[in-house]
**Student:** 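If you scroll down you'll find the structure; I have some questions about it.
This is a predicted model, so every value here is computed, not measured. In each ligand, atom 1 is the first atom listed, and ligand 1 is the first ligand listed.
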Amino acid sequence: MLFEPIVTGGCRSYLIGCPDTCAAAVIDPEISQTDRYLGLAAREGLRIHYLIDTHTHADHFSATHKLARRLQVPVVMHRTSPAPFVDMRLNDGEMLVVGKLRLQAMHTPGHTRDSMCLRVEDCLFTGDTLLIGATGRTDLPTGDPEALYDSLFRCILKLDPTLKVFPAHDYGGRGESTLARELAENPRLRQHERAMFVETMLSLNLTMPTHITEALRTNMSGGKTVEQMLAEAAAAVPFMSLAELKARVEAADTELVVLDVRERDAYESGHVPGAHLLPRGQLELRVNQDLPDPTQRILTCCELGRISTLAAATLRQLGFMHAVALDGGMKAWREAGYPLRPGVRP
Ligand SMILES: [Fe+2]
């Protein structure tokens, strides 16, 4: 089996492939690594057939939906996944065939109701059911410590102890383990008694993952993250550097319209000399009145360079094909000591 673990902070995803047939699957892909999965698959001569999430992630942004639409291949999750975009729903005991590989699905609720583990040859992809030196938490939506106890002690831990364990998270950077090693060393598994195990899980008092609201929203709906929206806008517009704009302002470049898309009070406290005020929230409402010439060269700016990117992308969609965004924002402009004009535009 071809095997590539991909580490994103504490998150782990896996590209696995059949060397004989070049068929591959990605387990728990993460959105920021989208190009990496495609690059690795191309480098290894693999074609990805399935995008698999072991469960509904609350702590990372899944790339299954985006990659599946791009590659025209199915998103695979457990039958109980709430995500409407899942193309293939596996039941306990079913298999996914990837070339000559057989991915055996086991329903292992507890961390979430839709958690599953996948056994492939001598590897066990445990999602967040079993981590190295820990288990998945059970205090997030649909978590259940009783169910996790059953999934671990009545299912996973009864498998061949020589199986290698590959979880969806490894916060300690320990990389690889086996079931035997976890049975011997994992402190959470020392509580063989159901009541003690449940008690331990209920008293962990963990902080909520960052971005949990956005992760659940996007992973359960297939919607986009704010970062995705910004990245797509940034890919659709050219940028101009702060230094280039400063040079053009000093040279009194009359061809370039600087469009400040912040709110009025921010604009009035200091703006690029000659900049026009058109807040992002009014862009579509006032575009015809304020920007009658679609051939005009327009540069959008905002406080941090993010909203101005969205504004430039919107202008391009509206037909302003010379709209560009400032690479940076007014905060950086001020910090660079570049010229500012306070007050209301005459
Ligand atoms: Fe998780």
**Student:** Would you name the heavy atoms of Val86 and Ser81 that are closest together and state the gap between them?
**Tutor:** CG2-OG, 3.6 Å

**Student:** Is a side-chain donor-acceptor pair under 3.5 Å present for Arg280 with Thr314?
**Tutor:** yes

**Student:** In terms of heavy-atom contacts, does CZ of Arg217 have more than 12 from other residues, nucleotides or ligands at under 6.0 Å?
**Tutor:** yes

**Student:** Run through the protein N/O/S atoms less than 2.8 Å from the Fe ion (ligand 1) and write them out by chain and number.
**Tutor:** His55 NE2, His111 NE2, Asp128 OD2

**Student:** Short question: side chain of Tyr267, backbone of Leu278 - any donor-acceptor pair under 3.5 Å?
**Tutor:** no

**Student:** Between Phe85 and Thr64, which heavy-atom pair has the shortest distance, and what is it?
**Tutor:** CE1-OG1, 4.0 Å

**Student:** Going by atom types only, do Asp28 and Thr54 share a side-chain donor-acceptor pair under 3.5 Å?
**Tutor:** yes

